[in-house]
Amino acid sequence: HLAAAALTPAFVATSLGAVIGYVSCGKLAAHYGHRRLVTASVAFFGLMSLVTLFATDMTSLTALRFVTALGLGGAIPTAIALAAAHAQSHQRERTATIVTLAIVVGGTIGGYVSIPILQRWGWQGPFVLGGVVPLLSVPALILWLPDAPARGGAGSPQALFAPGLAPSTVLLWMMAFLSFMQSYSFTYWLPLLLTSFGFDRATASLGNTYTGLGTIAGVVLMALVPRPV
């Protein structure tokens with residue numbers, strides 16, 4: 001029973017938590033290992049998704065979204081880096097693309113699955129799904145997920161600004177910033193926009209699902225592009 005604008009703090013907290021997770025995961029992976037970080041991050045955001053069921057107002061929801069996003073931000077780039085580390089040198093870009101595609105496919109499937117869940121159990125339903133499924137995957141990660149091959153030393157962000165690399169680094173960061181700003185604007189506000197058009201809440205979640213389908217098509221095209229010789 002809140003106005004749409006009242007959800008802004010929760011959306012901002014989610015993005016902020018994810019950014020902190022992204023920035024921190026490099027050093028954490030170098031210190032504890034990629035395998036441990038991925039496993040711990042998945043367990044953490046699964047558990048915090050279940051804790052979100054106890055949110056009673058916008059303040060508690062905002063705090064829980066921030067904390068949950070820390071785990072998401074730690075898991076996603078670490079998983080991509082771990083997969084690329086085990087790929088052959090000429091397949092690393094394609095491997096990273098495939099893992100990214102799996103993340104998008106998971107989000108798209110979640111959009112479809114959430115419709116009957118929302119209709120039957122309300123807003124709490126997707127948080128149960130988003131908590132139980134990651135927690136069920138933790139034993140498999142512990143048993144079978146390999147760690148990244150040992151490499152000499154940990155990379156430093158300062159290396160991205162070495163002579164000749166700084167302009168490319170800044171341009172890539174600007175592109176990523178603008179892309180994520182556009183993407184998250186759609187992700188957060190599209191269901192609310194569709195609801196204002198008269199769609200019920202469950203059907204409105206399909207908006208992000210169709211956006212995900214477009215993303216999948218884009219990632220598949222990237223994977224099919226031949227690698228320059």
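The analysis underlying the following values was restricted to heavy atoms, covering all of them including side chains, and did not include hydrogens, waters or symmetry mates.
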Exercise. Hey, are the side chains of Thr39 and Ile142 touching, using non-hydrogen atoms and a 4.5 Å cut-off?
Worked result: yes
Exercise. Hey, any chance Leu129 and Phe45 share a hydrophobic cluster, counting ILVMFWY side chains that come within less than 4.5 Å of each other, even indirectly?
Worked result: no
For this session: Report yes if some heavy atom in the side chain of Pro126 is under 4.5 Å from a heavy atom in the side chain of Leu118; otherwise report no.
Result: yes
Exercise. Between Ser168 and Gly164, is there a donor-acceptor pair closer than 3.5 Å when you use the side chain of the first and the backbone of the second?
Worked result: no
Seminar exercise, completed: Between the CG atom in Asp200 and the OG1 atom in Thr203, the distance rounded to the nearest 0.5 Å is 3.5 Å
Seminar exercise, completed: Here the gap from Leu213 atom CG to Thr108 atom OG1, rounded to the nearest 0.5 Å, amounts to 5.0 Å
Exercise. Can you name the nearest heavy-atom pair linking Leu194 to Ala204, along with the distance?
Worked result: CD1-O, 3.5 Å
Seminar exercise, completed: To the nearest 0.5 Å, atom CG of Leu64 lies from atom CZ of Phe54 at 10.5 Å
For this session: Determine whether Leu82 and Leu145 make a side-chain contact, defined as any pair of heavy atoms from C-beta on separated by less than 4.5 Å.
Result: yes
Problem set entry | Value rounded to 0.5 Å, distance of CG in Leu7 from OG1 in Thr14 | 10.5 Å
For this session: Please report the C-alpha distance between Trp173 and Phe180 in whole Å, then the side-chain angles of each, then the deciding distance to 0.1 Å, and finally whether the ring pair (Phe, Tyr, Trp, His ring centres under 6.0 Å) criterion is met.
Result: CA-CA 10 Å; Trp173 285 8; Phe180 273 92; over 10 Å; no
Problem set entry | Minimum heavy-atom distance Ala83-Val99, with the two atoms named | CB-CG2, 3.4 Å
For this session: Write down the atom of Gly111, the atom of Ser114, and the distance for their closest heavy-atom approach.
Result: O-OG, 2.8 Å
Problem set entry | Within-4.5 Å side-chain heavy-atom neighbours: Arg35 and Pro146 | no
Problem set entry | Ser41 (side chain) donor-acceptor with Val38 (main chain) under 3.5 angstrom | no
Problem set entry | Path from Ile109 to Trp121 over hydrophobic side-chain contacts below 4.5 Å | yes
Problem set entry | Pairwise side-chain contact, Phe66 with Ile20, heavy-atom cut-off 4.5 Å (strictly under) | yes
For this session: Output the distance between atom CD (Gln91) and atom NE2 (His86), rounded to the nearest 0.5 Å.
Result: 15.5 Å
Exercise. If you draw a 6.0 Å radius around CD in Gln88, do more than 12 non-hydrogen atoms from other residues or ligands fall strictly inside?
Worked result: no
Problem set entry | Note, Leu101 side chain near Thr97 side chain (heavy atom, < 4.5 Å) | no
Exercise. Run the side chain to side chain contact (heavy atoms under 4.5 Å, CB included) check on Thr62 and Arg65 step by step: do they pass?
Worked result: CA-CA 5 Å; Thr62 298; Arg65 292 308 301 157; 5.9 Å; no
Exercise. Just wondering, do Tyr32 and Leu37 contact through their side chains at under 4.5 Å, heavy atoms?
Worked result: no
Exercise. With a 4.5 Å limit on heavy-atom distance, are the side chains of Leu50 and Leu135 in contact?
Worked result: yes
Exercise. With Phe11, which residues qualify under ring pair (Phe, Tyr, Trp, His ring centres under 6.0 Å), at least two apart?
Worked result: Tyr188, Trp189
Seminar exercise, completed: What one should report as the nearest heavy-atom pair of Ala87 and Arg92 is O-NE, 3.6 Å
For this session: Verify the cluster assignment for Leu192 and Leu190: are they in a single hydrophobic cluster under the rule of side-chain heavy atoms below 4.5 Å apart?
Result: no
Seminar exercise, completed: Taken to the nearest 0.5 Å, the spacing of Leu178 CG from Met181 CE works out to 5.0 Å
For this session: Give a yes or no on whether Leu141 and Ile80 share a hydrophobic cluster (residues Ile, Leu, Val, Met, Phe, Trp, Tyr; joining criterion: side-chain heavy atoms under 4.5 Å apart).
Result: no
Exercise. Out of curiosity, does Leu53 fall in the hydrophobic cluster containing Leu61 (side-chain heavy atoms, cut-off under 4.5 Å, transitive links)?
Worked result: no
For this session: Of all the heavy-atom pairs spanning Leu165 and Ala159, show the shortest one and how long it is.
Result: CD1-O, 3.5 Å
Problem set entry | Backbone of Gly21 reached by a side-chain donor or acceptor of Ser24 within 3.5 Å | no
For this session: Of all the heavy-atom pairs spanning Ala166 and Phe161, show the shortest one and how long it is.
Result: CB-CD2, 4.1 Å
